[in-house]
Colleague: 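Below are the structure tokens for one structure; questions will follow.
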Amino acid sequence: MWKHFRSSGQAEIDLVLEKDNEVWAVEIKRSTAPQLTRGFYSACETIGATRKFVVYPGKEQVPMKDGVIALNVLDFIKMVQ
């Protein structure tokens with residue numbers, strides 16, 4: 001199942017996937033140097049995200065703060081399949 005999440009305090013996640021008893025939080029960015037807001041991390045905590053991703057136009061998979069992985073859309077699609 002997929003959905004969007006926004007808290008009453010306006011913290012949001014672009015895409016939430018529920019897959020195999022996991023909750024994936026996915027943020028989508030246009031920048032090749034993506035930045036995440038405090039709201040993203042807060043929303044991840046609220047929904048109990050077990051995996052966190054940033055889909056961006058770069059070519060590399062890049063580890064970010066707090067276990068977030070930045071990756072391109074094709075790699076992300078492969079993970080979802």
Side-chain angles (χ1 to χ4, degrees):
M1 170 194 267
W2 63 271
K3 55 188 169 185
H4 171 266
F5 173 81
R6 179 175 292 156
S7 72
S8 60
Q10 301 305 308
E12 71 173 337
I13 298 171
D14 292 332
L15 177 65
V16 177
L17 295 173
E18 295 175 0
K19 177 179 168 61
D20 301 328
N21 296 319
E22 292 186 324
V23 178
W24 293 13
V26 182
E27 191 70 12
I28 301 167
K29 299 289 187 183
R30 288 178 34 178
S31 171
T32 56
Q35 300 286 321
L36 294 172
T37 65
R38 187 174 4 178
F40 173 79
Y41 293 105
S42 173
C44 285
E45 203 171 300
T46 299
I47 67 166
T50 55
R51 299 189 73 186
K52 297 169 263 188
F53 300 97
V54 176
V55 175
Y56 81 119
K59 295 181 180 179
E60 303 290 324
Q61 283 195 26
V62 180
M64 297 179 72
K65 181 177 132 182
D66 293 330
V68 176
I69 299 171
L71 69 168
N72 66 50
V73 70
L74 293 177
D75 288 341
F76 182 72
I77 290 169
K78 288 176 190 173
M79 290 182 88
V80 173
Q81 292 179 333

Colleague: How many angstroms lie between atom CG of Leu74 and atom NZ of Lys78, to the nearest 0.5 angstrom?
Modeller: 6.5 Å
Colleague: Is it true that, when you exclude Glu22 itself, more than 12 heavy atoms of the residues, nucleotides or ligands shown sit nearer than 6.0 Å to its CD?
Modeller: yes
Colleague: Measure the spacing between CH2 of Trp24 and CD of Glu18 and express it to the nearest 0.5 Å.
Modeller: 12.5 Å
Colleague: Kindly indicate, with the supporting measurements, whether the criterion side-chain contact (heavy atoms from CB on, under 4.5 Å) is fulfilled by Leu36 and Lys65.
Modeller: CA-CA 9 Å; Leu36 294 172; Lys65 181 177 132 182; over 6 Å; no
Colleague: Which atom pair, heavy atoms only, marks the closest approach of Ala70 to Met64?
Modeller: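 Result for this residue pair: CB-SD, 3.7 Å.
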Colleague: Would you name the heavy atoms of Pro57 and Lys29 that are closest together and state the gap between them?
Modeller: CD-O, 3.4 Å
Colleague: Please assess Arg51 against Lys19 for the test side-chain contact (heavy atoms from CB on, under 4.5 Å), listing each intermediate value before the final yes or no.
Modeller: CA-CA 10 Å; Arg51 299 189 73 186; Lys19 177 179 168 61; over 6 Å; no
Colleague: Taking the side chain from Thr50 and the backbone from Val23, do they hold a donor-acceptor pair closer than 3.5 Å?
Modeller: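 Confirmed, Thr50 side chain pairs with Val23 backbone.
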Colleague: For residues Asn72 and Gly58, report the shortest heavy-atom separation together with the two atoms involved.
Modeller: CB-O, 3.0 Å
Colleague: Could you grab the distance from atom CD of Glu27 to atom OH of Tyr41, nearest 0.5 Å is fine?
Modeller: 10.0 Å
Colleague: Please give me the minimum heavy-atom distance between Ile28 and Asp14, naming the atom from each residue.
Modeller: N-OD2, 2.9 Å
Colleague: Among Lys59, Glu60, Gln61, whose side chain to side chain contact (heavy atoms under 4.5 Å, CB included) with Leu71 holds?
Modeller: Gln61
Colleague: Look only at the side chain of Lys52 and the backbone of Cys44, and say whether a donor-acceptor pair between them is shorter than 3.5 Å.
Modeller: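 Checked: no pair found.
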Colleague: Start with the C-alpha distance between Phe53 and Leu15, add both sets of side-chain angles, then the distance that settles side-chain contact (heavy atoms from CB on, under 4.5 Å), and finish with yes or no.
Modeller: CA-CA 10 Å; Phe53 300 97; Leu15 177 65; over 6 Å; no
